[in-house]
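Some notes on the structure that comes next.
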Amino acid sequence: MGNRTKQAASIMCAALLAAGILGAGTGMVYSGEKDAPEQGQISSTAASEQAQGSPPAFAAPEMQAVPEQPVKATSNTPQEIEALAAMEKVAENDRLGLYVNKATAEIAVQEKASGYIWFSNPAQRDEDPIASPLYKSELSAQVLLTYYNDKGQINAFNSFDDSVAKKQFEISPVDQGIRVEYRMGNVVKSFANIPKVIGKNRFETEILENIKDPDQREDVKYKFRLNEQKQVYEVRKLQDYVAEELSAVLEAAGYTAEDAARDNKENGVGEAAASEEAEFTVPVVYSLDGANLVVSVPAKELKASKAYPIASLQVLKFFGAADAGKQGYIFVPDGSGALIRLNNNKRNAEPYSLPVYGNNGTFDVKEQIQTNEVSRLPVFGLKQNDHALLGIIEDGEAGASITADISGRNDSYNTVSSKFQVTAMDYYTLSSGTKTSAVPMFETGKYQGNFQVRYAFLAGPSADYTGMAAAYRNYLAGKYKLQPLQASADAPFVLELEGAFRKNKSFLGIPYKSTESLTTFDEAKEILEQLKAAGVKAIDLRFVGWFNGGIRHSSPSDLSVAGVLGGKKGFLQLAEYMKENGFGFYPDTAFLEKYKGSSGAAMLLDRGKAEVYGYNPVTHAKDTSKFSHYILAPAQLPKQVNGFLKDYAKLGAPGLSLRDLGREVHSDFNPDHPVSRQDSLLTSVKELEVLQKQAGALMVEGGNAYSLPFAQTIVNAPMRSSRLNITDEEIPFYQIALHGYFDLAGAPYNMDELQNPRLSMLKSLETGSAVYYQWFASDASKVKDTDYNDLYALSYRNWLDEAVRLYQEANPVLAKVRSQVITSHRQLAPGVVRTVYQNGVSVTINYNQTAVAVDGLQLQPQSYHVGGE
């Protein structure tokens, strides 16, 4: 960890001590089961009192640096000061000033509190010793655009070479900012008095003889090519400024547009347009909103040549770019979050690029070599020295990717930004006999909203990933009016029970599917009673596979409770039992994953149905023998939800678990009614709101950002990153941003890839996440040799004692911090991390298999220390 980061952490801790929030006691050290506190050792009364501290101030819709305080200015370089001097101030408020260079279209934002300046393009880019001319042009660009040709091949433009250098851009004022309209490509201007073809004699008598200056006469003659065979002059291809000069000379010589039209007609040239060229119009709006800069591209105002659809837009790739002399890191939302240290020299690693909300399921992926964690929050950030910025994609995020790279590969700068897909493309294979050909198919239902990013600026102690997470938390809390959790005596034990499933059987050689029970409603009550008897007093139950054939159920629009589990009567009795005991009850339902029948499924670009299959672990190829499900067309979702709620209302359950609405979002390429991925997201948001109002508290799997306003509990929240080669450190950004407002749980302890429930418990203490187990009541053999082999080890009898023991150890800490936001998180040493909560409780974790001495503590292997009590 760098010295500046250590100083920032020390300042924050000192401030907390001074305020009487962070206790100075020695705390307690827990090295494992022998040293675990007895249940109730930390009094629930004290936990409740500490957990009821003042909630953090809301700051929305803008993001605020927290805590906000005057910070000593960090000097910009002389080149940056000089660059700002060449700019004009176009907007300001009490927090920021916005500047633009009207010759280059680059912008700068100055923080008034610190005086620090952020630039859209590096001020010293012309001196870059690494960048080639192409990359130097990109360093000067605010927009990078890619487009398709008729073969589906990708080509690229940048706003410097293809717009600014050609003076094909306009800057105009808007409220609190400016709008820059870039026209990219060889934009054709009409100079009607320039003939396309003119007879040799007329050219010499009507034009050349009327030009008095001999040099000018030769210059005009050079701009036409003599066709000896036809005895005509044909105009050469001219740049716009050259054509403009020629038009003026012809006008002075008395040659008019009518003359040109006559000559064109006489030589067989009509009004037919020339072959279409790649030309684009991209408007970008920069505006100040309190302490934030908002950058927006109105998608419906994008213009493109019909033959060259826009593939993607990357706006402000180099905003805040850190040069090789800066210290800090890039934050990317890979899973729980990851850091890329500035200048880490990992040039052999691929640049970072992952889509927000994971892959779009309506693309036919024939080979899957690597499976990455899903980026569930549309945010990114960059820390350089004692300043940082945070970007949040506010609109168009479902079609966006986060990209980042280090210095030394193509240029000398570390960068992070968003990249928006404008038009999707896939190939349709045509076959004729033994011959095949691939024809590109382009998306037609494009998003017509905005591609919009909001930037916040952090300084001093707030300029780290914890400060970024706090700023994002405040943004969410203000925008969606989120309320902190209420303090409670116990943290919830989250339990998932598997109900029924369909199993292949045969009768007299005739195959059929039978619905089999894994956990009946009565068995569920028995398991809950055993947990109660063991002292587990707070339980949130997620019950999976309770209707329409079980786990992989048929359409939820017509609901029938599984008879093998106890039918409707058994369900109602279980719901009543949960209510009497004050437990949370969340029957699970899938709305987007369609397990039976292709009717109503979304379409791929090649017009096939959107089907999801497993992949061969050896060849990585799609295994068509392992069908999983169809993807529901977004247009069908309201019908599914309405039908479900009509039946669900009769069951009186006070909550609902959503298997897929909070973890995945997909397009529909049906040519009759196409739906972009962002429009599909908006449909999901509407239905999430309906479900919350009518079904009560929602438990959401995955926890994509758009589902957060409607969620009470999030399970299978990301707990780790993809650990890509370019990244250096894994961080719990997701939990830092959301803890205190949601009950969070990662993967079930007994299904976690860590394969060590104690490590899962330590991760819960680090992130404030709930203890979570997945069980069923039947013998494990019941799922053997079925499509549910992966559930083989979930018989609850194998896990009950361990689960109770780990919960009793973790609960005193988790209960105390459940309603508290995380105010600090840092790595003290390899494998050793510390989390500090709002009420001053700190938890220091040693994940190592050896003892560690750090920060005055002696930590045994896989142990933890609780301080600040």
Enclosure of K419 NZ (heavy-atom neighbours >12, cutoff 6.0 Å): no
Atom pair OG1/NZ of T415 and K317 - distance to nearest 0.5 Å: 5.5 Å
Polar side-chain atom of D728 near backbone of R341 as donor-acceptor pair, under 3.5 Å: yes
E730/R720 under salt bridge (charged side-chain N to carboxylate O under 4.0 Å, His left out): CA gap, chis, key distance, verdict: CA-CA 7 Å; E730 190 172 82; R720 56 188 55 85; 5.2 Å; no
Any side-chain donor near an acceptor of the partner, W118 and E111, under 3.5 Å: yes
Y807: which of F493, Y773, Y749 passes ring-ring contact (aromatic ring centres under 6.0 Å, His included): F493
Residue pair R347 / N345, side-chain donor-acceptor N/O under 3.5 Å: yes
Ion pair check, D855 and R834, cut-off under 4.0 Å: yes
Min side-chain heavy-atom separation V374-R663 under 4.5 Å: no
Y706-N704 side chain donor-acceptor pair, cut-off 3.5 Å: yes
Any donor-acceptor N or O pair under 3.5 Å, side chains Y329, E729: no
Counterpart residues, side chain to side chain donor-acceptor pair (under 3.5 Å), relative to T371 (two or more places apart): Q368
Between H825 and E766, a side-chain donor and acceptor under 3.5 Å: yes
K383 NZ to K326 NZ distance, which is reported to the nearest 0.5 Å: 12.0 Å
Point-to-point distance, once rounded to the nearest 0.5 Å, from CD1 of I406 to CG of N344: 4.0 Å
Aromatic ring proximity, centroids under 6.0 angstrom, F331 and F733: yes
Pair D323, S412: side-chain N/O donor-acceptor within cut-off below 3.5 Å: no
Residues, nucleotides or ligands: over 12 heavy atoms within 6.0 Å of N348 CG: no
Interatomic spacing from CG in L806 to CG in D801 - rounded to 0.5 Å: 11.0 Å
